[in-house]
Every structure is written in structure tokens, then in C-alpha cells.
Undergrad: 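I'd like to ask some things about the structure below.
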Amino acid sequence: MNRKRYIVLCFLCLHLFLVCAQNHAERVNIWQGTDVKKRVSLTPYLANGKHNVAVIVCPGGSYFWHDMKAEGESVGKWLQENGISAFVLRYRTAGFWAFLTRFRYLFRGNRYPDAFNDLQMAMQYIRNHAVKYGISPSKVGVMGFSAGGHLVMSAAELLPPSERPAFIAPIYPVVTMVDKCVHKRSRRALLGDNKKNNQQLRALLSLELHVPKDCPPVFLVNCIDDPIVKYHNSELLDSALTSLNIPHRYIQYKTGGHGFGATENKGTAESRQWKAEFLNWLKALNLKN
């Protein structure tokens with residue numbers, strides 16, 4: 001290899017390193033220094049500038065696992081490229097073995113409110129480190145996909161008003177735990193095998209039943225042809241938001257299915273429009289710089 005090619009190769013390697021460092025700032029263990037022994041990571045994708053809008057991204061996966069690619073990394077990069085600082089949260093899930101077995105009849109495992117506590121802590125952490133990350137603590141919103149959509153909407157309903165996110169974006173979310181359109185796998189993962197039939201817990205975690213009168217603005221998207229989470233879930237949430245006159249945007253696409261996240265190769269051209277619609281909606285809230 002001649003000297004010129006060597007210099008070019010070194011330059012490209014350095015450029016790649018800097019891009020990776022920008023796109024993947026240090027992964028943070030949000031529970032470090034607390035009594036909680038679980039390791040829950042938060043990966044920042046920081047946009048340039050100061051006082052930025054921040055979005056905590058919660059990938060889906062039926063509360064059993066995470067889709068960190070389509071609904072995590074791709075979302076973080078897309079938001080970052082559009083001047084929004086993103087923080088992808090790997091919250092606690094029930095896990096693969098809980099899906100295959102019923103060990104949570106005997107042992108607690110991960111279940112509600114673990115993921116909810118993780119999101120609450122992530123919001124506190126980001127607001128406490130707003131200066132470091134160049135964000136505005138009053139502009140921290142949440143975005144979640146499928147079960148992650150259920151999680152982020154729970155933050156609007158179950159957190160005290162002073163701790164709620166500035167806005168919520170549930171994308172093809174799991175919503176109900178009591179209606180016939182329930183996504184049973186998510187319910188089992190969230191409640192645990194020995195409590196999945198607990199009527200009190202089912203009611204508590206049915207989002208359509210607990211929308212607060214002062215709910216933050218909501219951006220809601222789903223597809224009629226969703227084969228995983230029945231589209232009626234989002235309709236239930238839309239009806240609840242409408243009945244209370246909560247500012248929200250509900251977009252129901254005919255095609256797109258489930259799990260497309262922020263990718264350019266999943267879903268359909270119709271469903272992928274949600275990204276532009278979200279950016280326009282956020283701009284209309286006067287939150288985006």
C-alpha cells in the first residue's frame with residue numbers, strides 16, 4: 001500500500017470513528033449508583049445545538065424483548081438527523097426464557113412496574129443532565145413502538161403531572177388489557193404468568209381507561225392491516241383522547257402492517273409517511289427549534 005492510500009485509509013477510519021462517536025455517545029446505565037441492581041441502558045443520539053428537543057425512544061417487542069434495530073437505532077439516527085436529540089432506552093423486559101417457559105409462576109422475573117420505573121428514571125436522568133446533552137429539560141418527549149407505545153403512554157397517565165413528558169408518540173401501540181382486541185402476549189409479559197388474569201391490574205394498565213384531563217399532546221399512528229396488534233387498540237385510545245378534548249393527531253393508514261419503525265425498507269410507502277407527519281406535528285407544537 002503506497003503512502004497516499006495509507007493516508008486516505010487512515011482518514012476514512014478516523015471519520016468513521018468520529019461518526020460512530022457522534023451517533024453512539026456513551027451508553028449510560030441509568031440505575032448506576034442506586035439500590036436497583038438491574039443494568040438498564042440509555043443510548044444517546046445527540047443533535048447539534050443547544051436547548052434541543054429530546055425524545056426517549058422505547059422499542060417494541062411485546063414486553064418480552066426489544067426490536068433495537070428498526071425501532072431503536074434507526075429511530076435514534078433519524079431523529080438526530082432532523083435536529084432532535086434521541087435517547088434509546090433498553091428497558092427491562094420479561095425475556096426469552098419467560099416467553100418459552102412459565103417460570104414466573106414461581107419467580108418474579110421482570111414485569112410491571114419494572115419497565116415503567118425504567119422510563120421514569122430515564123426521564124429524570126435526562127432532565128438532570130440537560131446541560132451536558134444540550135437539551136431543554138422542558139422539551140423531553142417520549143416515543144414508543146408496539147409494547148413500547150403502551151409504555152410511553154403509561155408515562156402520561158401514571159406519572160404525576162410534574163414528571164410527565166412534554167409530548168407522547170405511540171406508534172402502532174398496544175393499548176388495552178381488557179378489551180377483546182387485547183394483544184395477549186404483551187399482557188402476559190407485562191403482568192406475569194401468575195397475575196395475567198388479575199382484573200385490577202388489567203384495568204390499571206388499560207390506557208383507554210385512564211387518560212388524564214391534562215394529558216400532554218399525543219401523536220398516534222397505526223395501520224388497519226396490522227397483523228400483530230389489532231388496529232382497534234389505537235381507535236380506543238383515539239376515542240378516549242377525543243372525549244377529553246386532548247390535543248392529538250391520529251393517523252390511521254390502510255397499509256403498513258407492524259414493526260416498520262423508522263426504516264426505509266419495512267412497511268409501505270404509505271405508512272412511512274408517519275415520519276414527516278411527526279416532524280410537522282412537532283414543529284406545530286412550537287417545541288422544535
Undergrad: Check the orientation of Trp274 and Phe219. Use parallel for under 30°, tilted for 30 to 60°, and perpendicular for over 60°.
TA: tilted
Undergrad: Does this structure show an ion pair linking Glu81 with Lys77, if we count only N-O contacts that are shorter than 4.0 Å?
TA: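 No, no charged N to carboxylate O under 4.0 Å.
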Undergrad: Below 4.0 angstrom, N of the basic side chain to O of the carboxylate: do Asp214 and Arg164 qualify?
TA: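 Looking at Arg164 together with Asp214, the answer is yes, because their closest N to O distance falls below 4.0 Å.
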Undergrad: Taking C-beta and beyond as the side chain, do Phe87 and Val57 meet within less than 4.5 Å on heavy atoms?
TA: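 The answer is no; the side chains never approach within 4.5 Å.
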Undergrad: Checking Asn82 side chain against Ile84 main chain: does a donor-acceptor pair fall under 3.5 Å?
TA: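 Looks like no, no N/O pair under 3.5 Å.
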Undergrad: Please check if the distance between the ring centroids of His66 and Tyr91 is under 6.0 Å.
TA: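 When the ring centroids of His66 and Tyr91 are compared, they turn out to be within the sub-6.0 Å range.
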Undergrad: Enumerate donor-acceptor pairs with a distance under 3.5 Å from any side-chain N or O in residues 151-159 to protein atoms, sequence neighbours excluded.
TA:
| from | atom 1 | to | atom 2 | distance (Å) |
| --- | --- | --- | --- | --- |
| Ser154 | OG | His150 | O | 2.8 |

Undergrad: Verify whether one side chain among Tyr253 and Asp225 offers a donor that lies under 3.5 Å from an acceptor in the other.
TA: no
Undergrad: For the aromatic rings, using the six-membered ring if either is Trp, is the centroid distance between Trp65 and Trp97 under 6.0 Å?
TA: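 Ring-ring flag for Trp65/Trp97: false, centres at least 6.0 Å apart.
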Undergrad: Hey, can you tell me if Phe278 and Trp281 have their rings parallel, tilted or perpendicular (30° and 60° cut-offs)?
TA: tilted
Undergrad: Are any of the side-chain nitrogens in Arg249 or Glu277 under 4.0 Å away from the carboxylate oxygens of its partner?
TA: yes
Undergrad: Checking Arg127 now: which residues fulfil salt bridge (Lys or Arg N to Asp or Glu O under 4.0 Å) with it, not counting sequence neighbours?
TA: none
Undergrad: Could you tell me if the side chain of Lys275 sits less than 4.5 Å from the side chain of Glu264, heavy atoms only?
TA: yes
Undergrad: Do you see a donor-acceptor pair shorter than 3.5 Å between the side chains of His232 and Asp179?
TA: no
